[in-house]
Student: 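Can you read through this structure? Questions will come right after.
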Amino acid sequence: MPNSRRPTIGVFDSGVGGLTVLRALVERVPDADYLYFGDTARLPYGSKSAATVAHYAVGAVRYLQDQGAKLLVIACNTATALALNEIKAAAGVEVIGVVEPGAEAAAAATRKRKVVVIGTEATMSSHAYRRALEARNVAVREKACPLLVPLVEEGWVEHPVTEQVAKIYLSEAFSGDARDADVLVLGCTHYPLIKPLLRRVAPEHVAIVDSAESTAHHVARQLQVELSSSAETETKSEGRSIPKLRFFATDSADRFKNLGTRFLGLPVEDVVHVDLKE
């Protein structure tokens, strides 16, 4: 099986936010190739029902499997929160969402067993992070921060307005019985872009857990055995390999390229427009 040396990983998101997960994956697992599907024509998922999100997500992951994905990463917090079981049932390969790895990392990091999670309205009202953390005996304060995504997409990652908005959200989140929470979980894939800003406005004693990074760690662990067995042959022949990246978007490829390059930190070039039938 010549292809088993380089696994092909499919990454799915409702838009460009999941590119922060892809970015972490490329850093952590460079010996793989990646297919990224952004359902840009139908975002935001946050305002849609669980059934609709499941329907959209299942169509997208089937497309990624048709393109050769051997492992699927659901980079979208909303899709993970609302539809992970349906996606797993429909997929013929292993599926990893962003919530469990983020919760796992937060539970490992907290000393006080108290954590604050920030994310979109849909992710917070699904209580997916709450369930995952309470299962690990951690108390949770969930805080929806709906203004942060549009500010990040505007490119205002170091803007005073964004800092002010984040300051208000976090002061509300770390109040009352959550005042001594010692971990902040970034439960939205847009938030890694404002991590330095969040670090400044979060209480000093708080550790920040980025669910994008946690997910990449989790995927790396899953693939360790497969990759280490093939690494020797590959390094001898071609040195450190560079991942091949292919992108699929359901809306304008140009907009995806422009915004995507900022999120990925690498040029987004090979974007194929896909029209998924309803």
Student: Quick one: do Glu153 and Arg262 make a salt bridge, cutoff under 4.0 Å?
Tutor: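 Answer for the salt bridge query: no.
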Student: What are the two closest heavy atoms between Thr40 and Gly15, and how far apart are they?
Tutor: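 Shortest heavy-atom contact: CG2-CA, 3.9 Å.
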Student: Any salt bridge between Asp33 and Arg246, counting N to O under 4.0 Å?
Tutor: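 A salt bridge is absent here (no side-chain N lies under 4.0 Å from a carboxylate O).
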Student: Hey, does the side chain of Lys48 reach the backbone of Tyr56 with a donor-acceptor pair shorter than 3.5 angstrom?
Tutor: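 Judged by distance alone, no pair lies under 3.5 Å.
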Student: If you define the side chain from C-beta out and look only at heavy atoms, does anything of Val117 sit under 4.5 Å from Arg130?
Tutor: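 No - every pair of side-chain heavy atoms lies 4.5 Å or more apart.
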Student: Looking only at heavy atoms, which two atoms of Arg28 and Ala216 are closest? And how far apart?
Tutor: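 Scanning both residues completely, I find the closest heavy atoms to be CG-O, 3.6 Å.
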Student: Looking at Arg131 and Ser126, would you say the former's side chain and the latter's main chain have a donor-acceptor pair under 3.5 Å?
Tutor: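 Yes, Arg131 side chain to Ser126 backbone: donor-acceptor pair under 3.5 Å.
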Student: Looking only at atom types and distance, does a side-chain atom of Thr250 sit under 3.5 Å from a main-chain N or O of Ala41, one as donor and one as acceptor?
Tutor: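 Present.
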Student: Please state whether the rings of Phe12 and Tyr45 are parallel, tilted or perpendicular, taking 30° and 60° as the class boundaries.
Tutor: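 The arrangement is tilted - the two ring planes meet at 30° to 60°.
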Student: Is any side-chain heavy atom of Leu276 closer than 4.5 Å to a side-chain heavy atom of Asp39?
Tutor: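 Counting from C-beta outward, Leu276 and Asp39 never come under 4.5 Å.
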Student: Give a yes or no on this: more than 12 heavy atoms of other residues, nucleotides or ligands lie within 6.0 Å of atom CZ of Arg255.
Tutor: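 Atom CZ in Arg255 is not packed in, count stays at 12 or less.
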Student: What heavy-atom pair brings Ala212 and Ala24 nearest, and what distance separates the two atoms?
Tutor: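 So the two residues come closest at O-CB, 3.9 Å.
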Student: Is there a side-chain contact between Pro7 and Leu223 (heavy atoms, below 4.5 Å)?
Tutor: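 Sidechains of Leu223 and Pro7: in contact.
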Student: Are any side-chain N or O atoms of Arg141 and backbone N or O atoms of Ala173, one a donor and one an acceptor, separated by less than 3.5 Å?
Tutor: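 Side chain of Arg141 to backbone of Ala173: a pair is present.
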Student: Name all residues meeting the ring-ring contact (aromatic ring centres under 6.0 Å, His included) criterion together with His273; count only those two or more places apart in sequence or in a different chain, and write none if there are none.
Tutor: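 Counting only residues at least two positions away or on another chain, His273 forms no ring-ring contact (aromatic ring centres under 6.0 Å, His included).
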Student: Restricting to non-hydrogen atoms, name the atom on Gly187 and the atom on Asn77 that form the minimum distance, rounded to 0.1 Å.
Tutor: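 Distance-wise, the nearest heavy atoms are O-CG, 3.1 Å.
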Student: Could you tell me the separation between the CG atom of Leu43 and the CG atom of Asp13, rounded to the nearest 0.5 Å?
Tutor: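 Answer for the CG-CG pair, Leu43 versus Asp13, is 8.5 Å.
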Student: Just wondering, do His159 and Leu151 contact through their side chains at under 4.5 Å, heavy atoms?
Tutor: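 When only atoms from C-beta onward are counted, His159 and Leu151 do not touch, as no gap falls below 4.5 Å.
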Student: If we only count heavy atoms from C-beta on, is the Lys114 to Asp180 side-chain gap below 4.5 Å?
Tutor: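 Touching, per the 4.5 Å side-chain cut-off.
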Student: Are Ile118 and Ile168 linked, directly or through other ILVMFWY residues, by side chains that come within less than 4.5 angstrom of each other?
Tutor: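 Ile118 and Ile168: separate clusters.
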Student: Is there a side-chain contact between Val219 and Val73 (heavy atoms, below 4.5 Å)?
Tutor: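 In short, these two side chains touch, coming nearer than 4.5 Å.
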Student: What do the steps show when you test Val268 against Phe256 for side-chain contact (heavy atoms from CB on, under 4.5 Å), and what is the final call?
Tutor: CA-CA 8 Å; Val268 172; Phe256 185 90; 3.8 Å; yes
Student: If only atom types and distance count, is the side chain of Thr189 paired as donor or acceptor with the main-chain N or O of Thr20 below 3.5 Å?
Tutor: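 Checking the backbone N and O of Thr20 against the side chain of Thr189, no donor-acceptor pair under 3.5 Å is found.
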Student: Got Leu184 and Leu170 here, is their nearest side-chain heavy-atom distance under 4.5 Å?
Tutor: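 The answer is yes, as the side chains (C-beta and beyond) meet within the 4.5 Å cut-off.
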Student: Kindly say whether Ala106 contributes a backbone atom to a donor-acceptor pair with the side chain of Thr110 at under 3.5 angstrom?
Tutor: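 It does not hold such a pair.
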Student: Under the 3.5 angstrom rule, does the side chain of Arg113 hit a backbone N or O of Arg136 as a donor-acceptor pair?
Tutor: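 Here the side-chain-to-backbone pair exists.
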Student: Quick check against the 3.5 Å criterion: does Tyr129 have a side-chain atom that pairs as donor or acceptor with the backbone of Val185?
Tutor: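 Pair absent, no side-chain N/O of Tyr129 close to backbone of Val185.
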Student: Indicate yes or no for a side-chain donor-acceptor contact from Arg23 to the backbone of Phe263 under 3.5 Å, with no hydrogens or angles considered.
Tutor: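 Such a contact is found between Arg23 side chain and Phe263 backbone.
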Student: Within this structure, what is the CG-CD1 distance for the pair Leu25 and Ile9, rounded to the nearest 0.5 Å?
Tutor: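 The CD1 atom of Ile9 is 6.0 Å from CG of Leu25, to the nearest 0.5 Å.
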Student: Quick check for you: to the nearest 0.5 Å, what is the distance between Thr215 atom OG1 and Asp210 atom CG?
Tutor: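 Going from the OG1 atom of Thr215 to the CG atom of Asp210 covers 8.5 Å.
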Student: After noting the C-alpha distance and the side-chain angles of Val206 and Phe174, does the key distance pass the side-chain contact (heavy atoms from CB on, under 4.5 Å) rule?
Tutor: CA-CA 10 Å; Val206 169; Phe174 288 93; 3.6 Å; yes
Student: Would you call the rings of Tyr36 and Phe247 parallel, tilted or perpendicular, taking 30° and 60° as the class edges?
Tutor: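 Rings of Tyr36 and Phe247: tilted, as their planes differ by 30° to 60°.
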Student: Give, for atom CG of Asp66 and atom CG of Leu35, the distance between the pair rounded to the nearest 0.5 Å.
Tutor: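 So the gap between those two atoms works out to 11.0 Å.
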Student: Should Val93 and Leu71 be marked as a side-chain contact (heavy atoms from CB on, under 4.5 Å) after you check the CA-CA gap, both sets of side-chain angles, and the distance that decides it?
Tutor: CA-CA 6 Å; Val93 297; Leu71 169 72; 5.7 Å; no
Student: Would you give the length of the straight line joining atom CG of Leu147 to atom CD of Gln164, rounded to the nearest 0.5 angstrom?
Tutor: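 Result: 12.0 Å between the selected atoms.
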Student: Side chain of Thr80, backbone of Leu84: donor and acceptor closer than 3.5 Å?
Tutor: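 Answer holds: no.
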Student: Begin with the C-alpha distance, continue with both residues' side-chain angles, and end with the deciding distance and a verdict on side-chain contact (heavy atoms from CB on, under 4.5 Å) for His190 and Leu148.
Tutor: CA-CA 8 Å; His190 282 64; Leu148 292 181; over 6 Å; no
Student: With the side chain counted from C-beta on, respond yes when Glu213 and Lys195 share a heavy-atom pair under 4.5 Å apart, and no when they do not.
Tutor: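 Glu213 vs Lys195: side chains touch.
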Student: Which heavy atom in Thr120 sits nearest to a heavy atom in Cys188, and how many Å separate them?
Tutor: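 Looking at all heavy atoms of both residues, the shortest contact is CG2-SG, 4.2 Å.
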Student: Taking all atoms of both residues into account, what is the closest heavy-atom pair of Gly102 and Ser211, and its distance?
Tutor: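 Looking at all heavy atoms of both residues, the shortest contact is CA-CB, 4.1 Å.
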Student: Say you draw a straight line from NZ of Lys70 to CD of Gln65; how long is it, rounded to the nearest 0.5 Å?
Tutor: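 Reported value, rounded in 0.5 Å steps: 8.5 Å.
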